[in-house]
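Pasting a structure below so you can have a look.
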Amino acid sequence: MERGAEPRGLHRRIEARERRLASLEAAMLALQAEFASASTGGDAASGLARAQEAYDETLLELRELQASARRLRDWAISATDTASWASVCRALGLAAGGGAHRSVRSAEPVLHVLLHRFALPGYCSIDAASYQ
């Protein structure tokens with residue numbers, strides 16, 4: 001299943017995964033009802049298996065995002081502070097004179113990678129690397 005671009009900010013990504021789980025749960029309930037009423041169950045069974053796989057994958061992603069939100073506490077940052085590099089700088093009390101992204105990378109390199117992996121776009125233009 002392909003998804004569009006990831007929303008910016010950890011809190012928005014968590015909300016998106018929660019909405020996805022709710023829609024998958026509804027789809028699984030519908031498939032289970034279809035499976036119960038079908039005489040052969042072949043198509044319904046494969047649909048139910050695909051839905052279960054997507055649900056499990058999304059649940060794992062949500063758990064990873066929630067764990068990263070807990071890791072942000074080490075820097076006294078909340079998930080809502082991760083919508084942009086500038087908002088991270090404000091939360092950390094960093095001056096963003098040379099650019100907010102560069103300021104976070106210089107001051108907190110571990111946080112910089114964490115933010116690329118879970119809250120902001122995965123590609124870092126400064127390091128020319130992808131952190132996915």
Side-chain angles (χ1 to χ4, degrees):
M1 290 187 173
E2 287 187 36
R3 286 185 232 132
E6 287 285 342
R8 292 179 68 97
L10 184 59
H11 63 294
R12 290 188 185 112
R13 290 184 184 196
I14 288 172
E15 290 169 357
R17 292 309 183 285
E18 288 171 343
R19 284 191 304 274
R20 174 114 172 95
L21 282 175
S23 71
L24 286 168
E25 286 171 351
M28 286 173 56
L29 288 173
L31 285 168
Q32 287 171 346
E34 181 182 331
F35 182 73
S37 67
S39 58
T40 61
D43 290 336
S46 65
L48 186 58
R50 284 191 306 274
Q52 182 65 50
E53 186 177 305
Y55 180 84
D56 292 343
E57 178 184 308
T58 304
L59 184 60
L60 179 63
E61 291 172 358
L62 176 61
R63 297 293 182 245
E64 289 173 349
L65 291 172
Q66 290 170 333
S68 66
R70 286 188 297 275
R71 281 185 248 153
L72 289 175
R73 291 183 199 145
D74 293 342
W75 290 275
I77 296 175
S78 71
T80 56
D81 293 328
T82 63
S84 68
W85 292 109
S87 64
V88 173
C89 277
R90 282 191 296 275
L92 293 173
L94 296 175
H101 182 186
R102 194 169 297 281
S103 294
V104 172
R105 183 181 173 272
S106 297
E108 298 290 347
V110 174
L111 175 62
H112 169 254
V113 172
L114 181 71
L115 291 170
H116 272 299
R117 290 193 64 220
F118 294 106
L120 295 162
Y123 181 76
C124 177
S125 57
I126 297 170
D127 297 337
S130 182
Y131 292 107
Q132 292 300 319

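Side chains are part of it too, since the values below use all heavy atoms of this structure and drop only hydrogens, waters and symmetry mates. Keep in mind it's a predicted model, so treat the numbers as computed, not measured.
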TODO: Share the residues that join V113 in a hydrophobic cluster, the rule being Ile, Leu, Val, Met, Phe, Trp or Tyr side chains under 4.5 Å apart at the heavy-atom level.
DONE: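 When side chains under 4.5 Å apart are linked, the cluster holding V113 also contains Y131.
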Open item on the list: D56: which residues meet the salt bridge (Lys or Arg N to Asp or Glu O under 4.0 Å) condition with it, sequence neighbours left out?
Closed with: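 Scan of D56 (salt bridge (Lys or Arg N to Asp or Glu O under 4.0 Å), adjacent residues dropped) gives none.
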TODO: Please answer: with hydrophobic residues joined when any side-chain heavy atoms are less than 4.5 Å apart, are L59 and L65 in the same cluster?
DONE: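 They do share one cluster, since a chain of ILVMFWY contacts under 4.5 Å joins L59 to L65.
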Open item on the list: Is it the case that atom CD in E53 sees more than 12 heavy atoms from other parts of the structure closer than 6.0 Å?
Closed with: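 At most 12 heavy atoms, drawn from other residues, nucleotides or ligands, come within 6.0 Å of this atom.
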- [ ] Enter the distance from S68:OG to R73:CZ here, rounded to the nearest 0.5 Å.
- [x]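 That separation rounds to 11.0 Å.
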TODO: Identify the heavy atoms of R8 and A83 that sit nearest to each other, and give their distance.
DONE: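 Looking at all heavy atoms of both residues, the shortest contact is NE-O, 3.4 Å.
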TODO: Measure the spacing between CD of E108 and CD1 of I77 and express it to the nearest 0.5 Å.
DONE: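 Those atoms lie 7.5 Å apart.
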Open item on the list: Looking at every heavy atom in both C89 and A100, which two are closest together, and how far apart are they?
Closed with: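 Shortest heavy-atom contact: SG-O, 3.5 Å.
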Task: Note, D74 side chain near V110 side chain (heavy atom, < 4.5 Å) - done: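 A side-chain contact under 4.5 Å is absent here.
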Show every donor-acceptor pair shorter than 3.5 Å between a side-chain atom in residues 115-126 and any protein atom, with sequence neighbours excluded, or say none if there are none.
{"from": "H116", "atom 1": "ND1", "to": "P121", "atom 2": "O", "distance (Å)": "2.7"}
{"from": "H116", "atom 1": "NE2", "to": "H101", "atom 2": "NE2", "distance (Å)": "3.1"}
{"from": "H116", "atom 1": "NE2", "to": "H112", "atom 2": "NE2", "distance (Å)": "3.2"}

Task: Distance (rounded to the nearest 0.5 Å) between L62 CG and E15 CD - done: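 That separation rounds to 11.0 Å.
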Task: A79 backbone acceptor or donor facing T82 side chain under 3.5 Å - done: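 Yes; at least one donor-acceptor contact below 3.5 Å.
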Open item on the list: Return the CZ to CD1 distance between R63 and I14, rounded to the nearest 0.5 Å.
Closed with: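 If I round to the nearest 0.5 Å, the distance is 10.5 Å.
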- [ ] Look up atom CZ in R13 and atom CZ in R20, then write down how far apart they are to the nearest 0.5 Å.
- [x]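 Answer for the CZ-CZ pair, R13 versus R20, is 15.5 Å.
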Open item on the list: Show the nearest heavy-atom pair for residues S103 and G97, with the distance to one decimal.
Closed with: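 Closest pair (atom of S103, atom of G97, distance): OG-N, 4.4 Å.
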Open item on the list: So which atom in A51 and which in L24 form the shortest heavy-atom distance, rounded to 0.1 Å?
Closed with: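 Looks like O-CD2, 4.4 Å.
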TODO: Sort and list the pairs that fulfil salt bridge (Lys or Arg N to Asp or Glu O under 4.0 Å) and have at least one residue in residues 76-102, not counting sequence neighbours.
DONE: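 Qualifying pairs: none.
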Open item on the list: Show every salt bridge (Lys or Arg N to Asp or Glu O under 4.0 Å) that has at least one partner inside residues 122-131, sequence neighbours left out.
Closed with: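 Of all non-adjacent pairs touching residues 122-131, those that pass salt bridge (Lys or Arg N to Asp or Glu O under 4.0 Å) are R105-D127.
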Open item on the list: Applying ring-ring contact (aromatic ring centres under 6.0 Å, His included) as the test, list every pair that has at least one member in residues 54-83; sequence neighbours left out.
Closed with: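 Qualifying pairs: none.
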